[in-house]
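Only one structure is covered here, and it is reproduced in the block below.
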Amino acid sequence: MSQRTFSVILLPTSECNVACDYCFEKKEPHRLSTLLIPLLTQRLLDHLEQKGIEECEIYWQGGEAMIMGPAWFADAGGAMNRAAAARGRRFTHFLQTNLVSYSPAWDEVLHGMFGGSLGTSMDFPNVHRKLFKGGAEAYTALWTRRLGEARAAGIKVGVIAVLHQASLDAGPARFYSYYADELGLDDFQVNTPFPGGPANQVEGGFALDTAALAEFLGGLFDVWMERGYNEGVSLGPFDALIDHFTGNPARLPCIWKENCSNQFISVDSRGTVAQCDCWVTSYPDYFFGNIFQEPDLTRMLSTSRARREFVERPRHLVEHEDCLSCRFLSICHGGCPVRTYSALGTMLAKDPYCEVYKVVFARAETHARTLLRRRVVAQRAALTTPAA
Ligand code: SF4
Ligand code: SF4
Ligand code: SF4
């Protein structure tokens with residue numbers, strides 16, 4: 001059986017209990033019914049079987065996924081896992097939550113279904129994540145308290161930061177220090193922002209100057225190498241790039257996968273299938289179909305006209321963009337379709353963060369070379385040191 005992994009970003013609701021400025025979700029009060037879990041599971045398992053795939057990763061997101069409650073997850077996860085085991089397959093579950101409604105009532109399901117870990121998000125400085133009452137300051141205070149409570153309950157928490165202008169203004173050293181020193185995290189990652197919603201409508205001034213962003217990320221890479229790399233702090237996506245450039249197996253983010261359409265789909269609470277959460281919430285023209293209405297997911301994916309554009313994008317880029325002459329093509333593949341589409345109104349172009357990626361890849365290459373040199377020197381020293 002193939003060892004490939006298939007990943008499903010599952011949105012059991014698009015409702016949310018907070019109000020981020022840059023949110024692209026249409027927050028409809030619709031929730032995935034547990035009555036539909038067996039049908040959803042069957043369709044996923046049929047697809048895994050047809051493709052000879054053993055394991056399926058389920059990334060539970062929202063809206064805010066915790067709105068569904070721990071009992072809902074225990075029921076849904078239990079039903080999915082039993083059905084998978086009966087057909088010789090496996091689901092691995094991951095949870096992405098804003099943490100705001102975390103309480104000890106979640107601990108059993110977090111330690112069981114989610115293997116004792118969760119992912120959450122916090123920006124530095126936080127100016128865009130807001131509670132309905134109290135704004136960004138109250139959000140930061142509540143989130144920080146919940147983070148402490150979850151960690152005290154033995155839950156490993158990974159944090160995603162979305163970069164915005166105030167992060168760049170704060171600078172890499174202060175940014176790093178907030179996550180690593182102030183929050184004491186050993187696992188966080190930075191994401192580049194993009195506007196969801198209609199193409200070309202960059203709302204709220206979230207577009208960043210690419211030269212400034214590149215300088216910030218290059219600086220952050222250096223700070224992490226100096227202060228975090230040898231201390232066991234994971235900072236994505238830099239850690240995966242170091243793995244890649246030192247010749248180790250690397251778990252690169254989806255934006256740099258050969259073709260994200262080979263590995264991901266997203267399904268929302270109504271059964272809509274699209275490439276990932278950004279597409280399923282923002283771009284109806286790019287829906288692949290409905291998993292509850294169409295009996296064969298494999299057929300849906302292979303015949304969807306909307307999906308064909310994703311599949312053909314890498315070939316189009318090497319034919320029509322300068323990616324073919326780029327020395328980082330084998331790691332970048334032209335970048336992310338949704339970042340491209342939301343900025344340019346087409347996905348058939350290279351990622352607008354191209355120049356940022358080049359700076360980050362080059363920095364990774366330099367740091368990786370230094371690490372490899374040090375390793376060789378250490379090995380030689382060990383060989384020439386006479387035994388005591
Ligand atoms: S937590 Fe997520 S879904 Fe909720 S408002 Fe913020 S970005 Fe939107
Ligand atoms: S469109 Fe971009 S964010 Fe979505 S799965 Fe593909 S690479 Fe990832
Ligand atoms: S870094 Fe730019 S030119 Fe190179 S593969 Fe990526 S998008 Fe294409």
Side-chain angles (χ1 to χ4, degrees), residues 7-9 11-28 59 61-67 96-101 119-123 126 128-132 136 139 143 160 162 191-197 206 210 214 237 252-266 268 274-283 286 306-307 309-311 313-314 316-343 347 349-362 364:
S7 302
V8 180
I9 301 160
L11 317 181
T13 180
S14 56
E15 276 181 82
C16 190
N17 48 8
V18 300
C20 304
D21 293 338
Y22 48 52
C23 184
F24 53 71
E25 303 281 344
K26 275 198 253 98
K27 295 180 181 121
E28 293 169 334
Y59 292 88
Q61 300 184 12
E64 168 47 31
M66 274 192 173
I67 280 180
Q96 184 71 23
T97 166
N98 64 28
L99 262 189
V100 159
S101 52
T120 184
S121 307
M122 176 50 83
D123 310 335
N126 178 32
H128 297 303
R129 296 184 171 272
K130 296 174 179 169
L131 296 183
F132 286 112
Y139 187 108
W143 180 87
I160 296 174
V162 179
N191 278 6
T192 49
F194 63 94
F206 296 116
T210 47
L252 293 164
C254 59
I255 56 171
W256 297 325
K257 295 242 183 240
E258 194 177 342
N259 191 330
C260 62
S261 68
N262 291 337
Q263 189 183 336
F264 293 93
I265 58 165
S266 182
D268 74 6
Q275 182 51 46
C276 67
D277 49 323
C278 328
W279 295 96
V280 89
T281 53
S282 295
Y283 303 118
Y286 284 90
R307 186 166 174 273
E309 218 170 297
F310 289 90
V311 174
R313 181 174 180 266
H316 183 94
L317 296 189
V318 295
E319 284 172 4
H320 299 279
E321 297 276 357
D322 59 356
C323 295
L324 190 57
S325 59
C326 172
R327 66 193 181 93
F328 298 118
L329 176 61
S330 67
I331 186 170
C332 174
H333 307 101
C336 163
V338 82
R339 280 166 174 73
T340 309
Y341 186 83
S342 65
M347 75 172 88
K350 66 178 180 176
D351 191 318
Y353 285 121
C354 167
E355 295 305 320
V356 178
Y357 299 160
K358 283 180 183 167
V359 168
V360 173
F361 296 149

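Every heavy atom of this structure was used, including side-chain atoms; hydrogens, water molecules and symmetry mates were not. Just follow the structure's listing: the first ligand is 1, and inside any ligand the first atom is 1. Just so you know, these numbers come straight off a predicted model, no measurement behind them.
Of all atoms in ligand 3, listed by their number and element, those nearer than 4.0 Å to a heavy atom of Leu329 are 5 (S). Ligand-side atoms of ligand 2 in range of Val338: 1 (S), 2 (Fe), range being under 4.0 angstrom from any heavy atom. The ligand atoms of ligand 2 that sit less than 4.0 angstrom from a heavy atom of Ile255 are 7 (S). When each atom of ligand 2 is checked for a heavy atom of Cys260 under 4.0 Å away, the hits are 5 (S), 6 (Fe), 7 (S). Set against the non-hydrogen atoms of Cys332, the atoms of ligand 3 under 4.0 Å away are 1 (S), 5 (S), 6 (Fe), 7 (S).
Of the listed options Ser325, Ser330, Gly334, Gly334 places a heavy atom closest to atom 7 (S) of ligand 3.
Contact annotation: for Cys16 versus ligand 1, heavy atoms closer than 4.0 Å belong to the side chain alone. Proximity of Asn17 to ligand 1, defined as any heavy-atom pair under 4.0 Å, is not found for any part of the residue.
In this structure, Trp279 counts as a contact residue of ligand 2, since one of its heavy atoms falls inside 4.0 Å of the ligand. Contact annotation: Gly335 has no heavy atom less than 4.0 Å from any atom of ligand 3. A heavy-atom separation below 4.0 Å is not found between Gly62 and ligand 1.
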field: Intermediate values then yes/no, ring pair (Phe, Tyr, Trp, His ring centres under 6.0 Å), Tyr357 and Phe328
entry: CA-CA 9 Å; Tyr357 299 160; Phe328 298 118; over 10 Å; no
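Within the 2.8 Å limit, Cys276 places at least one N, O or S atom next to atom 4 (Fe) of ligand 2. Residue contacts to atom 8 (Fe) of ligand 2: Cys254 brings an N, O or S atom closer than 2.8 Å.
Ring geometry for Phe264 versus Tyr59: interplanar angle of 30 to 60°, hence tilted. Aromatic ring orientation, Phe310 versus Trp279: perpendicular (interplanar angle above 60°, classes split at 30° and 60°).
Nearest non-hydrogen protein atom to atom 4 (Fe) of ligand 3 is Cys326 SG, 2.3 Å. For atom 6 (Fe) of ligand 1, the closest non-hydrogen atom of the protein is Cys20 SG, 2.3 Å. In terms of protein heavy-atom proximity, atom 1 (S) of ligand 3 is closest to Lys358 CG, 3.7 Å. Annotation: atom 8 (Fe) of ligand 1 to nearest protein heavy atom, Cys23 SG, 2.3 Å. Looking at atom 2 (Fe) of ligand 3, its nearest protein heavy atom turns out to be Cys354 SG, 2.4 Å.
Of the possible donor and acceptor atoms, one in the side chain of His333 sits under 3.5 Å from a partner among the backbone N and O of Trp256. With Asp268 contributing its side chain and Leu11 its backbone, the two residues share no donor-acceptor pair below 3.5 Å. Between the side chain of Arg339 and the backbone N or O of Thr192, at least one donor-acceptor pair lies under 3.5 Å.
Side-chain contact between Cys326 and Lys358: present, with at least one pair of heavy atoms (C-beta onward) separated by less than 4.5 Å.
Of all the heavy atoms in Thr210 and Pro352, the pair that sits closest is CG2-O, 4.0 Å. For the pair Val162 and Asp123, the tightest heavy-atom approach, listed with the atom from each and the gap, is N-OD1, 3.0 Å.
Between the side chains of Arg313 and Ser261, no donor-acceptor pair of N or O atoms lies under 3.5 Å. Judged purely by distance below 3.5 Å, without hydrogens or angles, the side chains of Thr97 and Glu64 pair a donor atom with an acceptor atom.
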